Amino acid sequence: EAGVAQSPRYKIIEKRQSVAFWCNPISGHATLYWYQQILGQGPKLLIQFQNNGVVDDSQLPKDRFSAERLKGVDSTLKIQPAKLEDSAVYLCASSLLGSTSTDTQYFGPGTRLTVL
Amino acid sequence: QKEVEQNSGPLSVPEGAIASLNCTYSDRGSQSFFWYRQYSGKSPELIMSIYSNGDKEDGRFTAQLNKASQYVSLLIRDSQPSDSATYLCAVNSNTGGFKTIFGAGTRLFVKA
């Protein structure tokens, strides 16, 4: 079974530029998560989709971040314009259901973003 | 108060010893608890999950949960240098909507 795919793996941009990350979850997984992990910290949930609907985006900085999951499969996370503090690893995860507390999340390899 | 708290470490243990990692959480409505291992530069991978009070063993790993004390721990027996990583505690709660909260992680070093 293929895992969660993410691209690109690394990205370096200057502040005020825009950037987009792509994620393809495990086949059949209904729920997709985007996390931000700053060095030395645990992952912080940015947005959670169940199929193509948003379940939780309470920690997404909506003035600069946006995400979509068209057709309920792959997803794109965009930052526009980027700030220095956006430098982090952006992790995508998926789970089979997402609606139960016992659901296991599987993580992709992440995208390391550096904002100069 | 942080929702999920872990000692950042580093925790250093000799090879073959027992490593004990601890985690406390603030939401009494939390129902599921997970331990993830994260090697440097890699993504988190699930190693244990626990849902009810008591101990759960899987190979060299034992997770312990005490909901009354809002405390969950991970024991690693016969620690190996390959266990050196950051261990993340994650807590799932249905209070105010289903969500997963991660702790900041504890760095573990196993000395050969």
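Everything numeric in this text was worked out from a predicted model, so none of it was measured. Residue numbering restarts at 1 for every chain, and letters A, B, ... go by the order of the sequence lines.
One finds the CG atom of A:Asp103 at 8.5 Å from the CG atom of B:Asn92 (value rounded to the nearest 0.5 Å). To the nearest 0.5 Å, atom CD of residue A:Gln48 and atom OG1 of residue B:Thr100 are 6.5 Å apart. For the atom pair CZ of B:Phe102 and OH of A:Tyr35, the computed distance is 4.5 Å after rounding to the nearest 0.5 Å.
A:Phe21 and A:Tyr33 fall into different hydrophobic clusters, where Ile, Leu, Val, Met, Phe, Trp and Tyr are joined by side-chain heavy atoms under 4.5 Å apart, directly or via other members. Put simply, B:Leu21 and B:Val72 are part of the same group of oily side chains (I, L, V, M, F, W, Y) that touch within less than 4.5 Å, one to the next. With hydrophobic clusters built from ILVMFWY side chains whose heavy atoms lie under 4.5 angstrom apart, B:Phe109 does not share a cluster with B:Tyr87. There is a path of hydrophobic side-chain contacts, each under 4.5 Å, that joins A:Val19 to A:Leu60.
In terms of modelled atom types and a separation under 3.5 Å, the side chain of B:Ser43 and the main chain of A:Gly110 share no donor-acceptor contact.
Both the backbone and the side chain of A:Gln105 come within contact range of chain B, each with at least one heavy atom under 4.5 Å from a heavy atom of that chain. Neither the backbone nor the side chain of A:Tyr106 comes within less than 4.5 Å of any heavy atom in chain B. Only the backbone of A:Pro109 comes within contact range of chain B, with at least one heavy atom under 4.5 Å from a heavy atom of that chain. Proximity to chain A is limited to the side chain of B:Gln38, based on heavy atoms less than 4.5 angstrom apart.
Annotation: A:Leu39, atom CG; neighbour count of heavy atoms from other residues, nucleotides and ligands within 6.0 Å does not exceed 12. Heavy-atom neighbours of A:Lys11 NZ from other residues, nucleotides or ligands within 6.0 Å: at or below the threshold of 12. The number of heavy atoms from other shown groups lying within 6.0 Å of NZ (A:Lys62) is above 12.
Side-chain atoms of B:Leu88 and A:Pro43, non-hydrogen and from C-beta on, do get closer than 4.5 Å to each other.
A pairwise comparison of heavy atoms in B:Phe34 and A:Thr104 identifies CE2-OG1, 4.4 Å as the closest pair.
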